[in-house]
Chemist: 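Here you go, one structure.
Please read these numbers as outputs of a predicted model, since none were measured by experiment.
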Amino acid sequence: MPWHPHLWHPTTQVALHPEPLRVSGADGCVLQLDDGRSLIDAISSWWVTLHGHSEPSIAAAVGLQAQVMEQVIFANFSHEPAEQLATRLAALSGLDRLFFSDNGSTAVEVALKMAWQWWRNQGSDRRRLVAFEGAYHGDTFGAMAVGDRSVFTEAYDELLFDVARISWPHTHWGDSDIETRETQALNELDDALAVPTAGVILEPLIQGASGMRMVRPEFLRAVEARVRDRGTLLIADEVMTGFGRTGSLFASQRAGIQPDLMALSKGLTGGFLPMGGTLASERIFAGFISEEPLKTFFHGHSFTANPLGCAAALASLDLLEQHPERFLHFEGRHRPHLEALTAHSMVKQVRCLGTMAAFELDCGSTNYLNPVGRQLQRLCLEDGVYIRPLGNVVYLLPPLCISDKQLQNCYSAIGDGITKLS
Ligand code: PMP
């Protein structure tokens with residue numbers, strides 16, 4: 001299939017990458033291709049498809065809502081689906097206020113702007129933002145700035161504001177010096193927080209795009225203790241980790257931390273519709289209430305609180321509440337397959353968290369541009385499995401509906417692919 005003459009695909013280099021596969025349908029874990037083949041979507045279509053593609057109860061909820069009210073301006077107006085969603089997310093997250101946007105990057109932008117302006121509204125001079133090495137928070141400018149510098153940001157580096165950057169002590173099975181690296185990172189954090197800081201942003205428990213890099217809950221609790229000690233704000237980017245992905249509803253809960261601001265997207269609507277949400281504590285919200293107009297949070301997107309997205313999100317929350325077993329015990333399903341994979345000499349640094357499993361292919365460079373991932377992707381596609389390694393990091397992040405047989409197929413395709421590669 002040739003490249004379409006009028007489309008421009010995300011993070012795709014036409015000169016180097018193969019043409020996209022044309023999809024005609026998606027059901028559960030399976031993508032149906034135009035040429036008659038079917039593929040298991042082992043990465044939930046960029047981590048968004050939560051329960052499964054075309055999940056009937058979400059499709060029905062969106063269809064019903066579309067017949068009642070498809071969209072309405074959310075300044076001057078409110079509506080039932082938004083109110084219900086905000087109420088339910090507040091009860092689940094411990095954060096009382098929901099601000100809507102359209103995607104993960106904007107959910108992060110909103111959190112950063114809220115943190116920054118909250119201090120300013122109080123007349124404080126806290127200016128510094130603290131972020132972690134390897135962080136990825138999205139592709140808009142603020143999100144890129146707090147994200148680590150990488151191939152994604154290289155062209156724009158001089159436009160990005162500075163942050164204090166702390167080591168991220170990521171770990172894996174059999175890691176023997178994790179305590180030392182955690183202590184070093186915490187010392188760096190102590191130094192950074194000596195400067196008046198507006199907020200600390202992190203991806204709780206696992207950094208996604210930089211290579212599924214997992215930290216221990218105790219590290220995050222130590223970070224939170226320092227944030228509290230210094231009276232600054234903790235911002236959790238749960239765009240990838242939210243909604244059961246880590247084996248808890250939110251990674252912050254699994255880690256035992258309570259952020260002040262939380263960015264959500266991807267699984268928010270079960271992966272049906274583009275929607276972002278930033279949850280804020282009542283204390284943050286209160287800092288914007290004033291008769292001085294300049295203390296207003298001047299931020300708003302055209303599609304704020306889109307009723308179709310809200311309906312999808314409510315139906316998705318219903319499913320999570322009805323079937324917690326689908327995400328609570330996922331680690332046990334990955335584990336035996338991962339253990340078997342360790343027999344391959346190329347497989348290193350195995351780790352697993354909830355529905356997400358990852359390992360590295362030992363082949364020199366750990367760069368995102370390492371071609372080994374694309375080679376393995378091609379081999380897996382021949383076996384009917386779609387993966388999208390991050391350089392030499394191979395991971396699975398399947399929809400919750402994946403059957404044992406389908407999961408087995410994913411691991412077999414990866415195992416066979418690695419054998420061919422080595
Ligand atoms: N934060 C995290 C942790 C993410 O994983 C992503 C997307 N991969 C984003 C933010 C940005 O989300 P979006 O692509 O929807 O803008």
Side-chain angles (χ1 to χ4, degrees), residues 18 20-21 23 25-33 36-55 172-173 206 208-209 211-212 214 240-241 244-247 266-267 271 325-363 372-422:
L21 302 165
V23 195
D27 182 22
C29 287
V30 177
L31 303 175
Q32 207 62 54
L33 302 190
R37 281 184 295 158
S38 54
L39 296 175
I40 298 175
D41 181 357
I43 62 146
S44 299
S45 282
W46 252 343
W47 323 338
V48 303
T49 306
L50 186 59
H51 308 280
H53 288 281
S54 309
E55 162 52 49
H172 52 83
W173 291 359
I206 171 168
M212 299 295 162
M214 303 179 190
M240 179 183 81
T241 54
R245 282 295 178 201
T246 66
K266 295 194 187 274
E325 75 287 353
R326 289 187 188 161
F327 63 89
L328 285 177
H329 310 300
F330 216 107
E331 255 161 59
R333 297 180 64 191
H334 278 302
R335 186 168 282 274
H337 298 291
L338 287 170
E339 279 165 0
L341 270 184
T342 56
H344 291 268
S345 59
M346 270 180 98
V347 172
K348 294 278 175 326
Q349 308 215 345
V350 180
R351 57 256 190 191
C352 181
L353 178 69
T355 65
M356 302 178 278
F359 59 88
E360 321 229 335
L361 288 175
D362 190 14
C363 55
V372 71
R374 266 188 280 127
Q375 289 158 7
L376 184 64
Q377 180 185 55
R378 189 173 39 75
L379 293 167
C380 286
L381 283 174
E382 287 167 11
D383 269 355
V385 173
Y386 173 63
I387 57 168
R388 193 179 156 87
L390 298 153
N392 70 320
V393 178
V394 182
Y395 70 91
L396 290 178
L397 199 162
L400 297 177
C401 71
I402 194 165
S403 69
D404 289 340
K405 175 85 177 50
Q406 287 168 323
L407 195 60
Q408 168 72 58
N409 288 352
C410 295
Y411 278 103
S412 302
I414 290 174
D416 292 349
I418 295 173
T419 304
K420 286 179 195 152
L421 280 178
S422 54

Chemist: Does Glu331 reach the main-chain N or O of Gly354 with its side chain, forming a donor-acceptor pair under 3.5 Å?
Modeler: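 Checked: pair present.
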Chemist: Taking the side chain as every heavy atom from C-beta outward, state whether Met240 and Arg245 have any atom pair closer than 4.5 Å.
Modeler: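 Not touching, per the 4.5 Å side-chain cut-off.
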Chemist: Which pair of heavy atoms, one from Tyr395 and one from Pro389, lies closest together, and at what distance?
Modeler: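 Answer, listing the atom of Tyr395 first, then Pro389: CE2-CA, 4.5 Å.
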Chemist: Nearest 0.5 angstrom please: Arg388 CZ to Leu390 CG, how far?
Modeler: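 Rounded to the nearest 0.5 Å, the CZ-CG separation comes to 8.0 Å.
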Chemist: Any idea how Tyr411 and His334 line up, ring-wise: parallel (<30°), tilted (30 to 60°), or perpendicular (>60°)?
Modeler: perpendicular
Chemist: I need the minimum non-hydrogen distance between His172 and Val350, along with the two atoms involved.
Modeler: CB-O, 3.4 Å
Chemist: Leu39 and side chain to side chain contact (heavy atoms under 4.5 Å, CB included): which single residue from Leu33, Ile387, Val385 fits?
Modeler: Leu33
Chemist: Is it the case that the side chain of Ser44 and the backbone of Leu397 share a donor-acceptor pair, with hydrogens and angles ignored and the cut-off at 3.5 Å?
Modeler: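 Checking the backbone N and O of Leu397 against the side chain of Ser44, a donor-acceptor pair under 3.5 Å is found.
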Chemist: Using atom types as modelled and distance alone, determine if a side-chain donor or acceptor of Lys266 lies under 3.5 Å from a backbone N or O of Trp46.
Modeler: yes
Chemist: Taking all atoms of both residues into account, what is the closest heavy-atom pair of Phe330 and Pro398, and its distance?
Modeler: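 The answer is CZ-CG, 3.9 Å.
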Chemist: State whether the side chain of Thr49 and the backbone N or O of Gly271 hold a donor-acceptor pair below 3.5 Å, judged by distance alone.
Modeler: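 Looks like no, no N/O pair under 3.5 Å.
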Chemist: How long is the gap from CG on Asp362 to OG on Ser345, to the nearest 0.5 Å?
Modeler: 8.0 Å
Chemist: How many angstroms lie between atom OG1 of Thr241 and atom CE of Met356, to the nearest 0.5 angstrom?
Modeler: 6.5 Å
Chemist: With no hydrogens and no angle check, is any side-chain donor or acceptor of Lys405 less than 3.5 Å from a backbone partner on Ile402?
Modeler: no
Chemist: Are any of the side-chain nitrogens in Arg37 or Glu382 under 4.0 Å away from the carboxylate oxygens of its partner?
Modeler: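 Salt bridge between Arg37 and Glu382, a charged N being under 4.0 Å from a carboxylate O: no.
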Chemist: Specify the closest pair of heavy atoms between Leu328 and Gly247, including all atoms of both residues, with the distance to one decimal.
Modeler: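 In this case the closest contact between Leu328 and Gly247 is CD2-O, 3.4 Å.
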Chemist: Measuring from atom CG of Leu31 to atom OG of Ser45, what distance do you get when rounded to the nearest 0.5 angstrom?
Modeler: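 That separation rounds to 5.5 Å.
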Chemist: Heavy atoms, side chains only, cut-off 4.5 Å: are Leu338 and Trp173 in contact?
Modeler: yes
Chemist: Can you confirm whether Ile40 sits close enough to Tyr386 that some side-chain heavy atom of one is under 4.5 Å from a side-chain heavy atom of the other?
Modeler: no
Chemist: For a 4.5 angstrom cut-off between non-hydrogen side-chain atoms, does His51 reach Cys401?
Modeler: no
Chemist: Looking only at heavy atoms, what is the nearest atom pair of Cys363 and Met346, with distance?
Modeler: CB-CE, 4.3 Å
Chemist: First locate atom CD1 of Ile418, then atom CG of Leu376, and finally report the distance between them rounded to the nearest 0.5 Å.
Modeler: 6.0 Å
Chemist: Less than 4.5 Å apart, side chain to side chain, heavy atoms only: is that true for His53 and Val30?
Modeler: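 Not touching, per the 4.5 Å side-chain cut-off.
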Chemist: Taking all non-hydrogen atoms of both residues, which atom of Arg333 and which atom of Leu400 are closest, and how far apart?
Modeler: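 Reported closest heavy-atom pair: NH1-O, 4.4 Å.
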Chemist: Output the distance between atom CD (Glu360) and atom CE (Met212), rounded to the nearest 0.5 Å.
Modeler: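 Reported to 0.5 Å precision, the distance equals 12.0 Å.
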